[in-house]
Chemist: 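Got a structure for you, questions after.
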Amino acid sequence: YHPDRSAQRLKSSRTMLIGCVIGDVSSPFSALLLKGITSVCEESGYQVLFADSRESARREKRALRGFLDNRVDGLIVNSASYINPSLIRVACEGVPVVLCDRYVKDFRFPFVGGQDTSVMPQLLAHLKEEGFCKVAFFTQDYRTNSARLFRRNAFLQSIRDYFPDEDGEALTYVLDLSDNKNTARCIRQLLDSC
């Protein structure tokens, strides 16, 4: 005997489905997220529907709409954008939303992730003690991604604290991981400045 999940869902008015939007499923970090989210949700009797926004707010919005059309009981979102009025609107409509690793500006969502930026000063202090005189920060575009933005800001503050003669802005390199020439150019630029 296997219970009819559709009948159970109609009876309880709960679907036991969670919609989960990930910013970039191709990253190693996302693989760990997917594994953890699936494990925790399955332990609680939920099935997870996943979507990859490819770091696009438009794709994220479309995925959320699809999940809501399928009457998910809640959403887990690794938001594509720090400024996200459509996700705020969904939460204001009463849909439970939990953010994963990335904050959204102007709304207090439940949050799961590690936004602890205290490691950056420790890292730069260690590099200074080891005798390094120039430290660079390589990141993907940080302007709409809270995790990257917070790490960048922690780097800038730590540069001021531990390498006050260096310009943290000039030592921040924004990479486009789909463009190998861009990455090579950033590395060459750093090497030429030493």
Side-chain angles (χ1 to χ4, degrees), residues 2-119 138-154 174-178:
H2 295 287
D4 183 339
R5 287 188 65 99
S6 297
Q8 289 177 330
R9 290 173 186 156
L10 286 172
K11 186 175 180 183
S12 72
S13 78
R14 290 175 59 195
T15 62
M16 300 306 290
L17 295 172
I18 299 291
C20 179
V21 183
I22 299 295
D24 176 10
V25 296
S26 69
S27 82
F29 174 73
S30 294
L32 293 172
L33 273 182
L34 296 172
K35 187 175 181 180
I37 289 168
T38 300
S39 175
V40 169
C41 288
E42 285 179 351
E43 285 174 15
S44 300
Y46 285 89
Q47 288 183 307
V48 186
L49 306 173
F50 289 103
D52 180 3
S53 72
R54 297 187 213 161
E55 302 294 358
S56 162
R58 184 180 52 78
R59 285 180 178 275
E60 178 183 296
K61 186 176 180 179
R62 188 171 44 214
L64 293 173
R65 183 55 40 214
F67 290 150
L68 295 174
D69 289 347
N70 282 290
R71 299 184 46 233
V72 295
D73 293 330
L75 298 164
I76 299 170
V77 183
N78 177 235
S79 182
S81 181
Y82 185 50
I83 299 168
N84 199 327
S86 63
L87 188 58
I88 292 171
R89 193 169 22 264
V90 166
C92 288
E93 291 170 0
V95 177
V97 177
V98 175
L99 295 184
C100 182
D101 187 54
R102 300 175 180 176
Y103 288 102
V104 168
K105 185 178 179 182
D106 298 329
F107 195 84
R108 187 174 217 123
F109 286 97
F111 178 84
V112 176
Q115 293 292 332
D116 182 11
T117 56
S118 66
V119 71
F138 289 83
T139 182
Q140 290 172 271
D141 189 2
Y142 56 83
R143 290 170 296 184
T144 61
N145 180 309
S146 68
R148 293 178 195 147
L149 178 65
F150 295 161
R151 281 192 296 269
R152 173 198 168 262
N153 290 347
V174 179
L175 303 178
D176 176 355
L177 297 182
S178 66

Chemist: Mind checking side-chain hydrogen bond (donor to acceptor under 3.5 Å, both in side chains) for Arg151 and listing every partner two or more places apart, or none if nothing turns up?
Modeler: none

Chemist: So, the side chain of Asp101 versus the backbone of Gly113: is there a donor-acceptor pair under 3.5 Å, distance only?
Modeler: no

Chemist: Quick one: list whatever passes ring-ring contact (aromatic ring centres under 6.0 Å, His included) with Phe109, sequence neighbours left out.
Modeler: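 Only Phe107 meet the ring-ring contact (aromatic ring centres under 6.0 Å, His included) criterion with Phe109.
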
Chemist: Taking C-beta and beyond as the side chain, do Val98 and Val112 meet within less than 4.5 Å on heavy atoms?
Modeler: yes

Chemist: For a side chain to side chain contact (heavy atoms under 4.5 Å, CB included) check, start with the C-alpha distance between Leu99 and Leu87, then their side-chain angles and the critical distance, and finish with the verdict.
Modeler: CA-CA 10 Å; Leu99 295 184; Leu87 188 58; 3.7 Å; yes

Chemist: Let me confirm one number: the CG-CG distance from Asn78 to Asp24, rounded to the nearest 0.5 Å.
Modeler: 9.0 Å

Chemist: At their closest point, which heavy atom of Ile88 faces which heavy atom of Lys105, and how far apart are they?
Modeler: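 Scanning both residues completely, I find the closest heavy atoms to be CD1-O, 3.6 Å.
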
Chemist: Could you tell me which residues satisfy salt bridge (Lys or Arg N to Asp or Glu O under 4.0 Å) with Arg143, sequence neighbours excluded, listed by chain and number?
Modeler: Asp141

Chemist: Return yes when atom CZ of Arg62 has more than 12 non-hydrogen atoms of other residues, nucleotides or ligands closer than 6.0 Å, and no otherwise.
Modeler: yes

Chemist: Decide yes or no on side chain to side chain contact (heavy atoms under 4.5 Å, CB included) for Asp52 and Ser30, but give the supporting numbers first.
Modeler: CA-CA 10 Å; Asp52 180 3; Ser30 294; over 6 Å; no

Chemist: Parallel, tilted or perpendicular: which describes the rings of Phe150 and Tyr103, with under 30° parallel and over 60° perpendicular?
Modeler: tilted

Chemist: What's the spacing between Glu43 CD and Thr38 OG1 if we round to 0.5 Å?
Modeler: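 Atom-to-atom, Glu43:CD and Thr38:OG1 are 11.0 Å apart.
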
Chemist: Of the non-hydrogen atoms in Gln140 and Val174, which two are nearest, and what is the gap between them?
Modeler: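 In this case the closest contact between Gln140 and Val174 is C-CG1, 4.0 Å.
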
Chemist: How close do Ser81 and Val104 get, counting heavy atoms only, and between which atoms?
Modeler: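 Looking at all heavy atoms of both residues, the closest pair is O-CG2, 4.0 Å.
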
Chemist: With side chain to side chain contact (heavy atoms under 4.5 Å, CB included) as the test, would you mind laying out the steps for Leu17 and Val72 before giving the verdict?
Modeler: CA-CA 5 Å; Leu17 295 172; Val72 295; 4.1 Å; yes

Chemist: Tell me the closest heavy-atom pair linking Leu64 and Leu75, and the distance in Å.
Modeler: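 Heavy atoms of Leu64 and Leu75 come nearest at CD2-CD1, 3.8 Å.
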
Chemist: If you round to the nearest 0.5 Å, how far is CD1 of Ile22 from CG of Leu34?
Modeler: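 Going from the CG atom of Leu34 to the CD1 atom of Ile22 covers 5.0 Å.
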
Chemist: Can Arg148 and Glu55 be counted as an ion pair, charged N to O under 4.0 angstrom?
Modeler: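 Counted as a salt bridge, because a side-chain N and a carboxylate O are separated by less than 4.0 Å.
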
Chemist: Taking all non-hydrogen atoms of both residues into account, name the closest pair between Asp73 and Met16 and its distance.
Modeler: OD2-N, 2.6 Å

Chemist: Nearest 0.5 Å, what's the OG-CZ distance between Ser86 and Arg65?
Modeler: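 One gets 9.0 Å once the value is rounded to the nearest 0.5 Å.
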
Chemist: Arg102 and Ala80: which non-hydrogen atoms are nearest, and at how many Å?
Modeler: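 Closest approach of Arg102 to Ala80, heavy atoms only: NH1-CA, 4.1 Å.
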
Chemist: Decide side chain to side chain contact (heavy atoms under 4.5 Å, CB included) for Ile76 and Ile18; before the verdict, give the C-alpha distance in whole Å, the side-chain angles of both, and the deciding distance to 0.1 Å.
Modeler: CA-CA 7 Å; Ile76 299 170; Ile18 299 291; 3.8 Å; yes

Chemist: Is there side-chain contact between Val25 and Phe50, with heavy atoms separated by less than 4.5 Å?
Modeler: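 Not touching, per the 4.5 Å side-chain cut-off.
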
